[in-house]
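Here's the structure, in structure tokens; my notes come after.
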Amino acid sequence: MLDPKYMLENADFIVKKTKARGIKLSLDKFIKISQEKKDYLIKVESLRHEKNKASELVAQKKKEGQDASSVISEMKKVGAEIKILEEKLKELEEKLREISLSIPNVPHESVPEGKSSKDNVEVRKFSEKPKFAFPIKPHWEIGKELGILDFERAAKIAGSRFAVYFGAGAKLERALINFMLDVHTEEKEYQEVIPPFIANERSLMGTGNLPKFENDLFKLRGYKWYMIPTAEVPLTNLYQDDILEEDSLPKRFVAYTPCFRREAGSYGKDIRGLIRQHQFNKVELMSFALPENSYTELEKMTVDAEEVLKRLGLHYRVVVLCTADMGFAGAKTYDVELWMPARKKYMEISSCTNCEDFQARRANIRFRRKGKSKLEFVHTLNGSGVALGRTVSAILESFQQEDGSVVIPKVLRLYMDGLDKIT
RNA sequence: GGAGGGAUGGCCGAGUGGCUUAAGGCGGCGGUCUUGAAAAUCGCUUCCCGGGCAACCGGGACGGGGGUUCGAAUCCCUCUCCCUCCGCCA
């Protein structure tokens, strides 16, 4: 949510920036209703003032034993009038809120303009694409042949877009979770969290998943609960309605959670393998930062996410998303993309986003500067550190051997009882 | 699932229809004292919206929503969350 004052004062700029996102937006209605609301507000306030004065008079008269009935009957009328105006006012406020909630964040000035993901700009790369002297296989074939991934059995249990991990596959996934958590907690100053994997409406409003993107979510039937699509939701809402101390910022958290997504509208896309699942594991980074530091924090977070991939020895690149490819709540996003040898394509594995005060305003997360009374909204940042399923895919494909086995990256062997190869 | 008790400013906590314009304390900020600090002491300090260059003025908010009333933190209804006891349970 954007600051309503900012919206009124910079309407043209916001419309222009939103257009760059590929979204058509008009703020005319917002401006008109805002003015209307203000007029009503002034009317209501003056009537309420009158009422307050009269109430004082009634109290005084009664104390002095005088008759107050004329004032009281007069105020009955005023009271009724106030009620009508208040209803109208509330209606207008509700409309304004609805509009505000549906407007995406404004991209940061450093974000390149573009029309699609093709216009994302590569920022840096790490290492080289792996080379193979034999015909390579996609990860689902490798996983099936090694007996560590099973999509058919997952389909029996749940349906398509689910996976069962067996033996060394399950252990690899668990090793990666522990490895990532250890890197982020022991070296990168993030505090580990295990949050609920279910969140309520308010929390999903806070992050911007609701009200616009309900179709992406799994809702629990009969409850106002949703399965989390990412740990960003519970982590951001850790401090919903809170007031933080300036000294306590930045606050950094890392959480392992499963993520649940409907993937509605992606029928037929990435149907094979671990790339696009209804349920996947992810280690997520989260940071609450001072506004003046949030872009430094975004750089740090991206580098921290990359660190994991570097140590695994996987080839990746970092791109800055263009205006058209960014998410609803983001002001700037870096995607870290892993190289998938079998598809000969880079795939997003981490998305590090500075939401500035967009989510903080929705979730009401504020802070107080030392010695000042005015409250400000914090900046929130989130980034994957990193998604597990796609990492496993890249490991299987990148480190596959001619005999069908897969070499385990050195940093993981400690987490896998010394196992150096899955055969 | 049953029965009770709660939710008040950054935090703690008083307040059961109009002398509350939310007491008091803690914390925070500033002054006095001190070589400095601590202690003591004095003052300031809830947030949001509207108006104003400003001092200031007006309005709102006591978990959320609704109601009663001339007037609600206070009474009624409802929802959410928290606590205690009983039952069940990994």
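Chain naming here is simple, since letters A, B, ... match the order of the sequence lines and numbering starts at 1 in each.
- Only A:Glu45, A:Arg48, A:His49, A:Asn52, A:Ser55, listed by number, bring a heavy atom of residues 45-56 of chain A to less than 4.0 angstrom from any atom of RNA chain B.
- Across all strands, A:Lys83 comes closer than 4.0 Å only to sugar-phosphate atoms, never to a base (heavy-atom distances).
- Aromatic rings of A:Phe328 and A:Phe358 (six-membered ring for Trp) have centroids within the 6.0 Å cut-off, being under it.
- Among residues at least two apart or in separate chains, there is no side-chain hydrogen bond (donor to acceptor under 3.5 Å, both in side chains) pair with a member in residues 96-105 of chain A.
- B:rA72 and B:rU21: their C1' atoms are spaced 15 Å apart (whole Å).
- Applying the salt bridge (Lys or Arg N to Asp or Glu O under 4.0 Å) definition to pairs two or more places apart or across chains, those involving residues 297-308 of chain A are A:Arg124-A:Glu306, A:Lys188-A:Asp304, A:Arg252-A:Glu297, A:Lys300-A:Asp304, A:Glu307-A:Arg311.
- Look at CG on A:Asp242: it is 20 Å from P on B:rU46, rounded to the nearest Å.
- Here, B:rU74 and B:rG65 have their P atoms 13 Å apart, quoted to the whole Å.
- Taking atom C1' in both B:rU32 and B:rA37, one finds a spacing of 15 Å when rounded to whole Å.
- The side chain of A:Lys38 lies closest to B:rG51, out of B:rG51, B:rC47, B:rC70.
- Nucleotides B:rC29 and B:rU46, compared at atom P, are 16 Å apart to the nearest Å.
- Across B:rC12 and B:rC83, the matching P atoms stand 15 Å from one another, rounded to whole Å.
- Take the nearest nucleotide of RNA chain B for A:Met75 and for A:Glu245: the residue whose nucleotide is more 5' is A:Glu245.
- Residue pairs that meet the salt bridge (Lys or Arg N to Asp or Glu O under 4.0 Å) test with at least one member in residues 225-237 of chain A, sequence neighbours left out, do not exist here.
- For A:Phe218 and A:Tyr226, the distance between ring centers is not under 6.0 angstrom.
- With both pairing distances under 3.5 Å, B:rG36 is matched to nothing as a Watson-Crick or G-U wobble pair.
- The existence of a salt bridge linking A:Arg369 and A:Glu376 is confirmed by a sub-4.0 Å separation between a basic side-chain nitrogen and an acidic carboxylate oxygen.
- Of the candidate nucleotides B:rG51, B:rG10, B:rG18, B:rG18 has the atom nearest to the side chain of A:Ala59.
- To the nearest whole angstrom, the two C1' atoms, one in B:rC53 and one in B:rG64, are 39 Å apart.
- Taking atom P in both B:rG5 and B:rC76, one finds a spacing of 12 Å when rounded to whole Å.
- Distance, A:Lys76 NZ to B:rU69 P: 7 Å, rounded to whole Å.
- Using Watson-Crick or G-U wobble geometry with both donor-acceptor distances under 3.5 Å, B:rA54 finds no partner in any strand shown.
- When Watson-Crick and G-U wobble pairs are counted only if both distances are under 3.5 Å, B:rC47 pairs with B:rG60.
- Remark on RNA chain B: of its neighbouring residues A:Leu375 and A:Ile243, the 5'-side contact belongs to A:Ile243, judged by nearest-heavy-atom nucleotide.
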Interface polar pairs with nucleotides 79-81 of chain B, N/O, under 3.5 angstrom:
none

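- Note: NZ (A:Lys43) to C1' (B:rG51) measures 17 Å, nearest angstrom.
- Here A:Lys37 lies out of heavy-atom contact (under 4.0 Å) with every strand.
- If you check every strand for non-hydrogen atoms under 4.0 Å, A:Val71 touches nothing.
- Across all strands shown, the partner of B:rC81 is B:rG6, judged by Watson-Crick or G-U wobble contacts whose two distances both fall under 3.5 Å.
- Between A:Ile72 atom CD1 and B:rG18 atom P there is a gap of 15 Å when expressed in whole angstrom units.
- Between A:Thr380 and A:Gln359, the side chains place a donor N or O and an acceptor N or O closer than 3.5 Å (distance only, hydrogens not considered).
- A:Arg368 has a side-chain polar atom (N or O) that falls below the 4.0 Å cut-off from OP1 or OP2 of B:rC47.
- Between the NZ atom of A:Lys374 and the C1' atom of B:rG10 there is a distance of 16 Å, rounded to whole Å.
- Figure legend. B:rU41 is base-paired to B:rG31; pairs are counted as Watson-Crick or G-U wobble with both atom distances under 3.5 Å.
- With sequence neighbours excluded, the residues that form a ring pair (Phe, Tyr, Trp, His ring centres under 6.0 Å) with A:Trp225 are A:Tyr223.
- The local environment of NZ in A:Lys224 is sparse, with at most 12 non-hydrogen atoms from other residues, nucleotides or ligands closer than 6.0 Å.
- Base pairing of B:rG24: its partner is B:rC12, meeting the Watson-Crick or G-U wobble criterion (both donor-acceptor distances under 3.5 Å).
- Between the CD atom of A:Glu246 and the C1' atom of B:rC29 there is a distance of 14 Å, given to the nearest Å.
- Following rounding to the nearest Å, A:Lys224 (NZ) and B:rG65 (P) show an atom-to-atom distance of 14 Å.
- Listed by first then second residue, pairs satisfying ring-ring contact (aromatic ring centres under 6.0 Å, His included) with a partner in residues 177-203 of chain A read A:His184-A:Tyr190, not counting sequence neighbours.
- Rounded to whole angstrom, the span from the CD atom of A:Glu81 across to the C1' atom of B:rC70 amounts to 15 Å.
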Review item, side-chain donor-acceptor pairs of residues 7-20 of chain A, under 3.5 Å, at least two apart:
{"residue": "A:Asn10", "atom": "ND2", "partner": "A:Tyr6", "partner atom": "O", "Å": "3.0"}
{"residue": "A:Thr18", "atom": "OG1", "partner": "A:Ile14", "partner atom": "O", "Å": "2.5"}

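- When the C1' atom is used for both B:rC81 and B:rG27, the distance is 27 Å, rounded to whole Å.
- Sorted by first and then second residue, the pairs that involve residues 147-174 of chain A and meet side-chain hydrogen bond (donor to acceptor under 3.5 Å, both in side chains), not counting sequence neighbours, are A:Asp150-A:Arg153, A:Arg161-A:Ser266, A:Tyr165-A:Glu173, A:Lys171-A:Asp417, A:Glu173-A:Asn281.
- Here A:Arg366 lies in heavy-atom contact (under 4.0 Å) with sugar-phosphate atoms only.
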